[in-house]
*Asks:* 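Next up is a structure, given as structure tokens.
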Amino acid sequence: MSKTNQKSEQERRLARRNSARLSVYLSGESKSGRGITRDISRQGVFVQTNWRGFFLGARVDLTFVLKEPSFIKLRRYAAIVIRRSAGGLGLRFCTAPHLQRLQNPRGIR
């Protein structure tokens, strides 16, 4: 991607993206799939997936899986599909009360 395209992509984002690699399950309208997050912000997430069952504007229920050595946590969120690409789906959160924990699952600041 050229520097001009990168700059315009960053300007269009409303919140800073953080790299994140979390397992996530997607479901909605009797469809489901799974993937791995590539990046996440307060506003949304990009999920790498080969599954193409969701369309632009579709509401998706997300279940993030946070794996620690001694436990597994599940976090659920609602999102809207705002972008589809060969690599996955761009999703905007409808609500995200626990998003800070996803960005920083161990609570380290």
Side-chain angles (χ1 to χ4, degrees):
M1 183 180 287
S2 72
K3 287 182 183 181
T4 305
N5 287 344
Q6 281 179 328
K7 186 175 181 181
S8 106
E9 180 79 16
Q10 290 171 350
E11 287 173 358
R12 165 182 106 159
R13 291 187 173 152
L14 300 175
R16 191 179 104 223
R17 297 266 171 174
N18 296 301
S19 294
R21 188 162 173 80
L22 302 168
S23 295
V24 63
Y25 294 91
L26 304 97
S27 62
E29 299 180 15
S30 72
K31 299 173 183 159
S32 63
R34 63 181 175 169
I36 301 290
T37 63
R38 185 172 74 194
D39 57 45
I40 193 167
S41 75
R42 291 176 301 141
Q43 298 283 323
V45 62
F46 185 85
V47 177
Q48 290 179 295
T49 182
N50 293 328
W51 198 76
R52 301 284 176 249
F54 295 108
F55 299 98
L56 290 176
R59 183 164 184 244
V60 179
D61 294 316
L62 305 171
T63 303
F64 292 94
V65 181
L66 305 172
K67 294 180 183 180
E68 295 292 329
S70 59
F71 61 89
I72 295 175
K73 285 186 180 183
L74 302 177
R75 298 281 187 223
R76 291 183 172 83
Y77 300 89
I80 303 293
V81 177
I82 59 169
R83 184 169 62 105
R84 289 182 58 186
S85 70
L89 299 170
L91 305 167
R92 179 178 298 140
F93 292 118
C94 296
T95 59
H98 302 288
L99 189 56
Q100 184 61 34
R101 290 185 212 168
L102 286 175
Q103 290 178 339
N104 195 356
R106 293 185 182 91
I108 300 168
R109 297 198 186 262

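In what follows, every heavy atom counts, from backbone to side chain, and hydrogens, waters and symmetry copies are set aside.
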*Asks:* Ignoring hydrogens and geometry, is there a side-chain-to-backbone donor-acceptor pair from Thr63 to Arg76 under 3.5 Å?
*Replies:*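 No, the answer is negative, given that no donor and acceptor are paired below the 3.5 Å cut-off.
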*Asks:* Mind checking who shares a hydrophobic cluster with Phe71, ILVMFWY linked at side-chain heavy-atom distances under 4.5 Å?
*Replies:*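 Result for Phe71 is none, singleton.
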*Asks:* In the single-linkage hydrophobic clustering (I, L, V, M, F, W, Y; side-chain heavy atoms under 4.5 Å), do Phe46 and Ile80 co-cluster?
*Replies:*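 No: no chain of side-chain contacts under 4.5 Å links Phe46 to Ile80.
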*Asks:* If you compare all heavy atoms of Arg84 against all heavy atoms of Leu56, which two are closest, and at what distance to 0.1 Å?
*Replies:*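 Looks like N-CD2, 4.0 Å.
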*Asks:* Taking transitive links into account, so neighbours of neighbours count too, which hydrophobic residues share a cluster with Leu74 at under 4.5 Å side-chain distance?
*Replies:*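 Same cluster as Leu74: Tyr25, Val65, Ile72.
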*Asks:* Quick one: OG on Ser27 to CG on Leu62, what's the gap to the nearest 0.5 Å?
*Replies:*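 The distance works out to 8.0 Å.
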*Asks:* Mind checking whether Phe64 and Tyr77 have parallel, tilted or perpendicular rings, split at 30° and 60°?
*Replies:*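 The rings of Phe64 and Tyr77 stand perpendicular, inter-plane angle above 60°.
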*Asks:* How is the hydrophobic cluster of Phe55 composed, in terms of its other members, when Ile, Leu, Val, Met, Phe, Trp and Tyr link through side-chain heavy atoms under 4.5 Å apart, directly or indirectly?
*Replies:*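 When side chains under 4.5 Å apart are linked, Phe55 ends up in no cluster with other residues.
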*Asks:* Against Leu91, only a single residue in Leu26, Val24, Ile40, Thr37 fulfils side chain to side chain contact (heavy atoms under 4.5 Å, CB included); can you say which?
*Replies:*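 Option passing the side chain to side chain contact (heavy atoms under 4.5 Å, CB included) with Leu91: Leu26.
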